[in-house]
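Report on the structure given below.
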2 protein chains.
Amino acid sequence: MILSRSAAYGVRAMIDVATVADGGIAITREVAKRQDIPQVFLTKIIQRLAQAGLLEAHRGAHGGIRLARPAGEITLRQIIEVMGGPLFMNYCLFRPGECPREKDCPVHDVWLEAQEKLLETLGNCTLAYLAERSKELCSKQTNSANQSK
Amino acid sequence: MILSRSAAYGVRAMIDVATVADGGIAITREVAKRQDIPQVFLTKIIQRLAQAGLLEAHRGAHGGIRLARPAGEITLRQIIEVMGGPLFMNYCLFRPGECPREKDCPVHDVWLEAQEKLLETLGNCTLAYLAERSKELCSKQTNSANQSK
DNA sequence: GAGTAATAAGACCTTCTTGGTCATATTATA
DNA sequence: TATAATATGACCAAGAAGGTCTTATTACTC
């Protein structure tokens, strides 16, 4: 699996906050419940996202978490990067210069191309888009549920 | 890192065989030496590639390994698949149906898109291309070495 | 047939990462 | 001061990754 669980959880949590709180504050416990993420584990993930400047955490009564930036300025790539990737195809791209055959390696450019496409796809996808899409999907589901009554 | 060492080693070994042996037989020990792969470990990798039908292994004196198919019919994707991937972005794509929110998940399609692009890039790259490129790079290097004399 | 050069196969081992829990501290509000 | 929330760090179990070692097996050559 390319994504770790932490990364997938992190993405889900961020989308949840963006969708439900809509700029306001969400409560970790409720995010965990909605997204089926072990609660204590989620707090770890939130800490990382907060330290990286993607979330703001507020302690105390009526505390919680909120996006630290507008949803349109947060991309999947950023979230996954914060959660420890991996966003490198191979060691030679992670630590350029360490591989002695870098210059005359016939696959090097293929790894690079694959990696860049991946980063592009993830970098073009913002939380705002995902939250919007989430709402669409949700309303669609509600509609079809109503229709089937 | 997306690629495991085994996968990267496997790719390097296959390119080596395709480039050096050119349809003939190569010797594991020499492949290991040229590619800086721990020899005993390489035999493991070769076993997997052989079981998967990408390599033929011949025992006994004058034995060795050769491509089991024309280099033009072997892709990076196949090699990496054999070596244990990973070629799935997320669990939901690895085991479709297991994620309860699959239908109304806003990121699902993004993971799918990223994965398909990756597979396409790797699936379009054949060993024949890589071997050709390897020879080009090698001759270029030799030329520049000669020029600098 | 003996010797030898090669791969096959499987047990094993060490280290690191992942996913996760637990206990305790800190902070802010009412 | 009680309480509702996050912060932090220690801890742990399981699995995978990377690699070694030993012992077959096979096939060629003399």
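In what follows, chains are A, B, ... by sequence order, proteins preceding strands, each numbered from 1. Any value given below was found using the heavy atoms of this structure, including those in side chains, with hydrogens, waters and symmetry copies removed.
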### Query
Between Asp36(A) and Arg101(B), is any pair of side-chain heavy atoms under 4.5 Å apart?
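Contact flag for Asp36(A)/Arg101(B) side chains = yes.
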Using whole Å, report how far [atom1] of [X] lies from [atom2] of [N].
| X | N | atom1 | atom2 | result |
| --- | --- | --- | --- | --- |
| Leu42(A) | dC22(C) | CG | P | 16 Å |
| Asp36(B) | dG19(D) | CG | P | 12 Å |
| Met83(A) | dG19(C) | CE | C1' | 11 Å |
| Arg48(A) | dT6(D) | CZ | C1' | 17 Å |

Under 3.5 Å donor-acceptor pairs involving side-chain atoms of residues 13-20 of chain B, not counting sequence neighbours:
residue	atom	partner	partner atom	Å
Asp16(B)	OD1	Arg34(B)	NE	3.1
Asp16(B)	OD1	Arg34(B)	NH2	2.7
Asp16(B)	OD2	Arg34(B)	NE	3.0
Asp16(B)	OD2	Gln35(B)	NE2	2.8
Thr19(B)	OG1	Ile15(B)	O	2.7

### Query
Over its full length, what angle do the end axes of the helix from dG1(C)-dC30(D) to dA30(C)-dT1(D) make, each axis taken from five pairs and the result rounded to 10 degrees?
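One end axis against the other gives 0°.
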Is the backbone of [Y] close enough, under 3.5 Å, to the side chain of [X] for a donor and an acceptor to pair up by distance?
| X | Y | answer |
| --- | --- | --- |
| Glu56(A) | Arg66(A) | no |
| Thr121(B) | Lys117(B) | yes |
| Gln39(A) | Ala32(A) | no |

### Task
Give a yes or no on whether Leu119(A) and Leu3(A) share a hydrophobic cluster (residues Ile, Leu, Val, Met, Phe, Trp, Tyr; joining criterion: side-chain heavy atoms under 4.5 Å apart).
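Result: yes, single cluster for both.
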### Query
Does Met1(B) share a hydrophobic cluster with Val107(A), counting links as ILVMFWY side-chain heavy atoms below 4.5 Å and allowing steps through other members?
yes
### Task
Enumerate the residue pairs fulfilling ring pair (Phe, Tyr, Trp, His ring centres under 6.0 Å) with a member in residues 19-46 of chain A, sequence neighbours excluded, ordered by first and then second residue.
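Applying ring pair (Phe, Tyr, Trp, His ring centres under 6.0 Å) to every pair that reaches into residues 19-46 of chain A, excluding sequence neighbours, yields Tyr9(A)-Phe41(A).
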### Task
With sequence neighbours excluded, give me every ring pair (Phe, Tyr, Trp, His ring centres under 6.0 Å) pair touching residues 47-88 of chain A.
Phe88(A)-Phe94(A)
### Query
When every nucleotide of nucleotides 12-18 of chain D is labelled 5' to 3' by its protein contacts under 4.0 Å (heavy atoms), B for base, S for sugar-phosphate only, - for none, what sequence of letters results?
------S
### Message
For nucleotides 6-17 of chain C, give me one character per nucleotide, 5' to 3': B if any protein heavy atom sits under 4.0 Å from the base, S if the only such contacts are to the sugar-phosphate, - if neither.
### Response
BBSBBB------
### Summary
Result for side-chain contact (heavy atoms from CB on, under 4.5 Å) between Ile80(B) and one of Thr75(B), Leu118(B), Val11(B), Ile2(B) points to Val11(B)
